Amino acid sequence: LLASGKSLILLISVVSFCTFQWLFHSVSPWASSRISPGFLKLTHKQKIEWNSRTVSTLHALLVGLFCLYILFFDEAVNQDPVWGDPTLVKINVSITTGYLISDLLLIFYYWRAIGDKFFVIHHLAALYAYYYVLGQGMLPYFANFRLLAEFSTPCVNQRWFFEVLGYSKASKPNMTNGVLMAAVFFLVRIAVMPVYYSRMCSVYGTEAFYKVSFGGRSAWIFSSICLDIMNVMWMHKIARGCYKVLRSSQKSKPESQENGKTD
């Protein structure tokens, strides 16, 4: 049973990797050229990033919805966050593992177009932690909880899509997405930190906690802190950008009203 379980994890990861590569190289270029005419006008580097972000959005929606299902309906994981039955979490993490390896390969291969050292650190930290989840079935609740962060990805990507297509920062679609992006990013990456770390503290020192290997505990704590430091940095940038756009739009309204009065 153990061998079959590991084979299933490996199979899902490989299928996930191949699927996301296929989506990047074939599906995204084909679909994007038909859905958005502006795609054909992009430079080669922009098309690479466009396809990368399209795949990123699809992964985020798939894994995020699966994550919510586990969070609300998987009683075993919620009752025992350290050693609860990790079957569903392993499937979800296997999908993400395949995606992360696929994305790392694309980042390195197309470094001039989409290379980013913070994304490399992010992916490696996540893979390091997921190794223990998939290999030893430990900490399923915390691994699944981390995947909630994926819900902010579609809005972040959509912001880039609007920008590269030439939408004004003050346009309604861009502003609406910007506010939504800041709100969702804060909700799923920053506001949940007290919940996450309070649950971590609640199991610290328990028998279940000490059954986790030293490497597993190190990966859990180190990866969490590393990822959250980056989340705070990204949140700061997003909040500043959102504030600037909202402030500039408020300034432009009185000016347009004054121009309307003089006409």
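Note that this is a predicted model, so its numbers are computed, not measured. Scope of the values below: all heavy atoms of this structure, side chains included, with no hydrogens, waters or symmetry mates.
- A side-chain donor-acceptor contact under 3.5 Å links Asn51 to the backbone of Lys47.
- The backbone N or O of Pro173 lies less than 3.5 Å from no partner atom in the side chain of Thr176, so there is not a single donor-acceptor pair.
- By the 6.0 Å contact criterion, OH on Tyr204 is open, its count of non-hydrogen atoms from other residues, nucleotides or ligands being 12 or less.
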Practice problem: Please test Leu105 against Tyr110 for side chain to side chain contact (heavy atoms under 4.5 Å, CB included), starting from the C-alpha separation and ending with a verdict. | Solution: CA-CA 8 Å; Leu105 179 65; Tyr110 298 108; over 6 Å; no
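- Taking the six-membered ring for Trp and thresholds of 30 and 60 degrees, Tyr167 and Phe162 have ring planes inclined between 30 and 60 degrees apart.
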Exercise. Apply the test side chain to side chain contact (heavy atoms under 4.5 Å, CB included) to residues Asp228 and Met193: give CA-CA distance (whole Å), side-chain angles for both, the deciding distance (0.1 Å), then the verdict.
Key: CA-CA 8 Å; Asp228 282 330; Met193 283 186 190; 3.4 Å; yes
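- For the pair Met181 and Cys242, the minimum side-chain heavy-atom distance is 4.5 Å or more.
- Contact check for Leu165 versus Phe39: no side-chain heavy atoms found under the 4.5 Å cut-off.
- Less than 6.0 angstrom separates the ring centroid of Trp220 from the ring centroid of Phe142.
- Under the 6.0 Å cut-off for aromatic ring centres, Phe20 and Phe24 do not qualify, their centroids lying 6.0 Å or more apart.
- At a threshold of 4.5 Å between side-chain heavy atoms, the hydrophobic network of Ile, Leu, Val, Met, Phe, Trp and Tyr places Leu65 and Val188 in one connected group.
- In Tyr131, the OH atom is not crowded: 12 or fewer heavy atoms of neighbouring residues, nucleotides or ligands sit closer than 6.0 Å.
- The closest side-chain heavy-atom distance from Arg240 to Lys244 is below 4.5 Å.
- Residues Tyr109 and Leu104 have side chains not in contact (no heavy-atom distance under 4.5 Å, counting atoms from C-beta outward).
- No donor-acceptor pair under 3.5 Å is formed between the side chain of Arg159 and the backbone N or O of Cys155.
- Under the 4.5 Å side-chain criterion, counting only non-hydrogen atoms from C-beta, Val192 is not in contact with Leu187.
- Here the side chains of Trp50 and Val164 are in contact, with some heavy-atom distance below 4.5 Å.
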Self-check item: Steps toward side chain to side chain contact (heavy atoms under 4.5 Å, CB included) verdict (Tyr99, Val55)
Solution: CA-CA 9 Å; Tyr99 165 74; Val55 173; 4.0 Å; yes
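- Of the possible polar contacts, one joining the His123 side chain to the Phe119 backbone as a donor-acceptor pair under 3.5 Å is found.
- Nearest heavy atoms, Gly115 versus Ile107: CA-CG2, 4.0 Å.
- Geometrically, Arg217 engages Phe209 in a cation-pi contact, judged by NZ or CZ lying under 6.0 Å from the ring centre and within 45° of the ring axis.
- Linking Ile, Leu, Val, Met, Phe, Trp and Tyr residues whenever their side-chain heavy atoms come within less than 4.5 Å leaves Phe151 and Trp160 in two separate clusters.
- At least one side-chain heavy atom of Met200 sits under 4.5 Å from a side-chain heavy atom of Ser224.
- Scanning both residues, Leu139 and Val133, for their nearest heavy atoms gives O-CG2, 4.5 Å.
- Thr96 and Tyr130 form no side-chain donor-acceptor contact under 3.5 Å, judged by distance and modelled atom types alone.
- Although no hydrogens or angles enter the test, the distance criterion places a donor-acceptor pair under 3.5 Å between the side chain of Thr153 and the main chain of Glu150.
- Using a distance-only test at 3.5 Å, with no hydrogens or angles considered, no donor-acceptor pair links the side chain of Ser52 to the main chain of Ile48.
- With Ser16 contributing its side chain and Ile95 its backbone, the two residues share a donor-acceptor pair below 3.5 Å.
- Scanning all heavy atoms of the two residues, the minimum distance from Phe66 to Ile91 falls at CE2-CG2, 3.7 Å.
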Exercise. Kindly indicate, with the supporting measurements, whether the criterion side chain to side chain contact (heavy atoms under 4.5 Å, CB included) is fulfilled by Met175 and Ser171.
Key: CA-CA 6 Å; Met175 290 184 63; Ser171 65; 6.0 Å; no
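- Taking the side chain as every heavy atom from C-beta outward, His122 and Phe118 never approach each other to under 4.5 Å.
- Linking ILVMFWY residues whenever their side-chain heavy atoms come closer than 4.5 Å, directly or via other members, leaves Val14 and Val93 in distinct clusters.
- Between Met235 and Ala182, the closest heavy-atom pair is CE-O, 3.8 Å.
- Residue Arg112 qualifies as open at atom CZ: its count of foreign heavy atoms under 6.0 Å is 12 or below.
- A donor-acceptor pair is defined here as one N or O able to donate and one able to accept, closer than 3.5 Å; such a pair exists between the side chain of Arg189 and the backbone of Ala149.
- By the criterion of side-chain heavy atoms lying less than 4.5 angstrom apart, applied directly or through intervening Ile, Leu, Val, Met, Phe, Trp or Tyr residues, Ile101 is grouped together with Leu106 in one hydrophobic cluster.
- A donor-acceptor contact shorter than 3.5 Å is absent between the side chain of Asn144 and the backbone of Pro140.
- Looking at every heavy atom in both residues, Ala125 comes nearest to Leu227 through CB-CD2, 4.4 Å.
- No donor-acceptor pair closer than 3.5 Å links the side chain of Asn92 to the backbone N or O of Leu88.
- A cation-pi arrangement, defined by a distance under 6.0 Å to the six-membered ring centre and an angle within 45 degrees of its axis, is absent between Arg53 and Phe161.
- A continuous path of ILVMFWY side-chain contacts below 4.5 Å connects Tyr196 to Val184, so both sit in one hydrophobic cluster.
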